[in-house]
Number of protein chains: 2
Amino acid sequence: MDDSAIRLFKTTLRTNNHSVTKTRLIVFNLLKGQEPISMNSLLRIGKNRFDRASLYRTINLFEEIGVAHRVNLGWKYKIELTDKFAHHHHHLSCTNCGRVIPIREDDELEKLIIQISDTHNFSASKHQIEIQGLCSKCMRLKVVM
Amino acid sequence: MDDSAIRLFKTTLRTNNHSVTKTRLIVFNLLKGQEPISMNSLLRIGKNRFDRASLYRTINLFEEIGVAHRVNLGWKYKIELTDKFAHHHHHLSCTNCGRVIPIREDDELEKLIIQISDTHNFSASKHQIEIQGLCSKCMRLKVVM
DNA sequence: TTATTTTTGCGACATATTTGCAATATTTAG
DNA sequence: CTAAATATTGCAAATATGTCGCAAAAATAA
Ligand SMILES: [Mn+2]
Ligand SMILES: [Mn+2]
Ligand SMILES: [Zn+2]
Ligand SMILES: [Zn+2]
């Protein structure tokens, strides 16, 4: 049950000189295997298991040690695990129903991003791609109406 | 002096059933021909020409009718005009000094984005690409130290 | 287990964004 | 152009989001 992601998570905490705590494990598990999730949702879900301040501190720490990062979806940002704990991917986000569809990493796209950065003598450490529009379902509904 | 962008802006307001007001024109002009700008800067610059609440309402409206949109740069977001009023482009954002470098549209990249959306039967209407890292200047400084 | 170190919850702040409403500006109708 | 009708604005107050200090509780080290 103590799967490899959690083991890696614990190791990451330890090697960065941080304790393995209940709150951190809970938040990690909330993030694991999920689509990006907003602070608000995390807060609502964890209401009686951890405090707001702790959540912010936890997410800040997760970013610092490369466990999670923020993805920008429209106006707001959401949190998800980094590529170290989930495969690198991007998202299609439906502006109608709010669905977020993960898209598998595309070698050509990744190569291009690096190439463009290089052209500008920019040392890219990460990137995010957000594509907004209508998912196939919403598209069908729109057409019918 | 009433250049084509402003004319298009006014038309956009009208066709969406909104008035052409002093505040909206001021904000539009602040956005025009600039790099993405933060709410705070807009607020500071327009301090005595419009109110905070009006600015938020204005930006919300601009997003609704496709005049401006938010660009997410790390934790923060900034506002810039949409492709309808400025050439489509993306940004490299330096995590050290905060500099935002616009990158010219890249046909190959744009084509790829569309292609990927199509593969997922997703009808993309817009996209944003955020590349974070170190600008050449900050990179040099880091190396020296 | 006890001592030491780190993290948490809580309440108080600080900042960001939203809202109701009366006053003012813009648009429409004549 | 003016008067009436409608939409927008400024202001003050309400919410929402994010941060901080500190004593209590939990985790780690001894
Ligand atoms: Mn990628
Ligand atoms: Mn593009
Ligand atoms: Zn949808
Ligand atoms: Zn820089």
> In terms of the nearest nucleotide of DNA chain C, which residue is placed more toward the 5' end: L55(A) or K22(B)?
Replying inline: L55(A)
> Looking at N40(A), does any N or O in its side chain come under 4.0 Å of the phosphate oxygens OP1/OP2 on dA16(D)?
Replying inline: no
> Are any side-chain N or O atoms of T82(A) and backbone N or O atoms of G66(A), one a donor and one an acceptor, separated by less than 3.5 Å?
Replying inline: yes
> Is the distance from OP1 or OP2 of dT17(C) to the nearest side-chain N or O of Y77(B) less than 4.0 Å?
Replying inline: yes
>> Tell me whether the side-chain N/O atoms of N17(A) come closer than 4.0 Å to OP1 or OP2 in dT28(D).
In response: no
> Are the aromatic ring centres of H90(A) and H127(B) under 6.0 angstrom apart?
Replying inline: no
>> For dG9(C), does the base pair up with any side-chain atom of R57(A) as donor and acceptor (N or O, under 3.5 Å, distance only)?
In response: yes
> Distance-only, no hydrogens or angles: does the R57(B) side chain make a donor-acceptor pair with backbone N or O of L61(B) under 3.5 Å?
Replying inline: no
> Taking only N and O in the side chain of Y56(B), is any of them less than 4.0 Å away from OP1 or OP2 of dT17(C)?
Replying inline: yes
> dA26(D) C1' sits how many Å from L13(A) CG, rounded?
Replying inline: 15 Å
> Which of these nucleotides, dC10(C), dG18(D), dA12(D), is closest to any side-chain atom of A53(B)?
Replying inline: dA12(D)
> Can K126(A) and D83(A) be counted as an ion pair, charged N to O under 4.0 angstrom?
Replying inline: no
>> Strictly distance-based, threshold 3.5 Å: is any side-chain N or O of S93(A) a donor or acceptor partner for the main-chain N or O of E130(A)?
In response: no
>> Is any side-chain heavy atom of V20(B) closer than 4.5 Å to one of F9(B)?
In response: no
> Going by modelled atom types, is there a donor-acceptor pair between the base of dG18(D) and the side chain of R52(A) at under 3.5 Å?
Replying inline: yes
> Any sub-3.5 Å donor-acceptor pair from S41(B)'s side-chain atoms to I37(B)'s backbone N or O?
Replying inline: no
> Can you tell me how far C1' of dA16(C) sits from NZ of K78(B), to the nearest Å?
Replying inline: 16 Å
>> If you only use heavy atoms from C-beta on, which nucleotide in dT9(D), dA27(D), dC10(C) is closest to the side chain of T23(B)?
In response: dT9(D)
>> Tell me if the centroids of the rings in F28(B) and F85(B) come within less than 6.0 Å of each other.
In response: yes
> What's the CG-P distance between L61(A) and dC20(D), to the nearest Å?
Replying inline: 15 Å
> Taking atom P of dT9(D) as reference, at what distance in whole Å does atom CG of L43(B) sit?
Replying inline: 14 Å
Could I get a table of every N or O pair under 3.5 Å where one atom is in the protein and the other is in nucleotides 27-30 of chain C?
from, atom 1, to, atom 2, distance (Å)
dT27(C), OP1, V20(B), N, 3.1

> Roughly how many Å is it from CG in D51(A) to P in dA24(D), rounded to a whole number?
Replying inline: 17 Å
>> Rounded to whole Å, please give me the gap between CE in M39(B) and C1' in dA16(C).
In response: 9 Å
> In whole angstroms, how far is the P atom of dA16(D) from the CG atom of L42(A)?
Replying inline: 18 Å
> Can you check the L25(B) CG to dT8(D) P distance for me, whole Å?
Replying inline: 13 Å
> What about R24(B), does its side chain sit under 3.5 Å from the base of dT8(D) through a donor-acceptor pair?
Replying inline: no
